[in-house]
Amino acid sequence: MNINKKELLVNEQIKDREVRVISETGEQLGIMPIEKALRLAEERQLDLVKIAPKANPPVCKIMDYGKYLFEMAKKEKEARKNQKVINVKEIRLSASIEDHDLGVKARNADKFLKAGDKVKVTIRFRGREMAHPEVGYEVMEKFVSMLTVEAVVERKPTLEGNHMIMVLAPKA
């Protein structure tokens with residue numbers, strides 16, 4: 001059940017006259033005055049929690065509120081733990097890079113991709129190099145062919161000002 005805990009009203013916080021009540025097992029108990037619903041929850045030593053405030057009449061559930069909050073916190077923590085943070089590593093090349101240097105940069109990119117990070121490859125054009133962007137495209141193609149790790153070109157090489165940018169992602 002996806003309920004925002006900031007909106008939840010518990011026991012005496014609920015100000016409605018009548019509410020639809022659901023038992024702790026999920027069984028519908030029907031529409032009843034709030035006093036009767038509170039008494040019913042108290043008899044079972046549980047809390048009355050308003051879970052659907054916009055319904056007509058509002059829906060309340062009998063549950064152990066403390067246990068519910070604990071479970072939600074546990075689920076949230078588990079979700080955070082299973083989250084993978086993807087970093088973007090940048091590798092800078094030049095239009096006139098030598099093959100050996102390109103190989104070194106490709107090996108570094110391989111390491112980053114194996115670690116699950118994305119790689120942003122940038123070529124900065126200087127002076128007259130701007131007149132020949134095709135050289136940059138060739139360097140980018142050669143760079144991708146040198147990679148040993150399977151990579152997906154997430155963003156094809158594009159020229160932005162005097163920079164050519166390409167983004168690679170590890171193949172899932």
Side-chain angles (χ1 to χ4, degrees), residues 1-92 105-124 140 143-144 147-161 163-172:
M1 205 181 290
N2 190 4
I3 305 168
N4 187 352
K5 63 182 169 207
K6 290 177 188 82
E7 292 176 7
L8 294 179
L9 297 176
V10 185
N11 299 332
E12 281 72 36
Q13 294 175 340
I14 303 168
K15 299 295 181 198
D16 301 286
R17 275 193 230 143
E18 282 192 329
V19 290
R20 181 180 305 274
V21 182
I22 301 172
S23 73
E24 62 275 14
T25 57
E27 172 189 340
Q28 292 269 349
L29 300 177
I31 298 170
M32 57 182 73
I34 190 70
E35 297 82 21
K36 186 177 177 189
L38 284 168
R39 199 169 39 253
L40 201 60
E42 200 175 297
E43 284 170 10
R44 298 177 184 194
Q45 295 180 342
L46 294 169
D47 301 303
L48 186 68
V49 182
K50 190 176 188 180
I51 57 173
K54 292 191 172 50
N56 190 11
V59 180
C60 294
K61 185 171 183 178
I62 297 173
M63 66 167 86
D64 184 346
Y65 188 62
K67 184 178 178 185
Y68 169 77
L69 287 179
F70 173 74
E71 292 292 328
M72 294 313 279
K74 204 162 124 180
K75 280 182 190 173
E76 231 172 75
K77 186 178 176 188
E78 193 67 32
R80 270 198 308 272
K81 190 170 79 173
N82 292 336
Q83 233 173 28
K84 171 87 174 88
V85 177
I86 296 174
N87 293 324
V88 178
K89 303 284 187 172
E90 184 173 6
I91 291 185
R92 291 186 180 166
K105 302 269 187 177
R107 282 196 299 277
N108 285 337
D110 278 341
K111 279 189 237 168
F112 298 147
L113 291 166
K114 280 180 187 163
D117 296 327
K118 290 183 180 185
V119 177
K120 177 181 175 184
V121 185
T122 308
I123 296 179
R124 183 168 156 221
M140 291 279 196
F143 180 79
V144 171
L147 295 174
T148 58
V149 176
E150 293 256 348
V152 178
V153 178
E154 205 171 74
R155 184 172 155 200
K156 289 186 170 27
T158 53
L159 200 60
E160 294 177 7
H163 288 80
M164 183 175 287
I165 298 169
M166 171 175 69
V167 178
L168 303 171
K171 199 165 201 171

Does [X] have any salt bridge (Lys or Arg N to Asp or Glu O under 4.0 Å) partners at least two apart in sequence or in another chain, and if so, which?
{"X": "Arg92", "answer": "Glu90"}
{"X": "Glu160", "answer": "Arg155"}
{"X": "Glu78", "answer": "Lys81"}
{"X": "Arg80", "answer": "Glu76"}

For Leu46 versus Met63, what's the shortest heavy-atom pair and its separation?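 Heavy atoms only, the tightest pair is CB-O, 3.7 Å.
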Identify, with sequence neighbours excluded, every residue that meets side-chain hydrogen bond (donor to acceptor under 3.5 Å, both in side chains) alongside [X].
{"X": "Lys171", "answer": "Glu150"}
{"X": "Asp117", "answer": "none"}
{"X": "Glu42", "answer": "none"}
{"X": "Asp64", "answer": "none"}

Problem - Sidechain-backbone polar pair: Glu43 side chain, Leu40 backbone, donor-acceptor under 3.5 Å - result: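 A pair under 3.5 Å: no.
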Output all residues satisfying side-chain contact (heavy atoms from CB on, under 4.5 Å) with [X], sequence neighbours left out; order by chain, then residue number.
{"X": "Lys114", "result": "Val149"}
{"X": "Ala41", "result": "Leu48, Ile62"}
{"X": "Pro157", "result": "Tyr137, Met140, Met164, Met166"}

All pairs passing side chain to side chain donor-acceptor pair (under 3.5 Å) where residues 18-29 contributes a residue, at least two apart: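 Every pair satisfying side chain to side chain donor-acceptor pair (under 3.5 Å) with a residue in residues 18-29: Ser23-Thr25, Glu24-Arg44.
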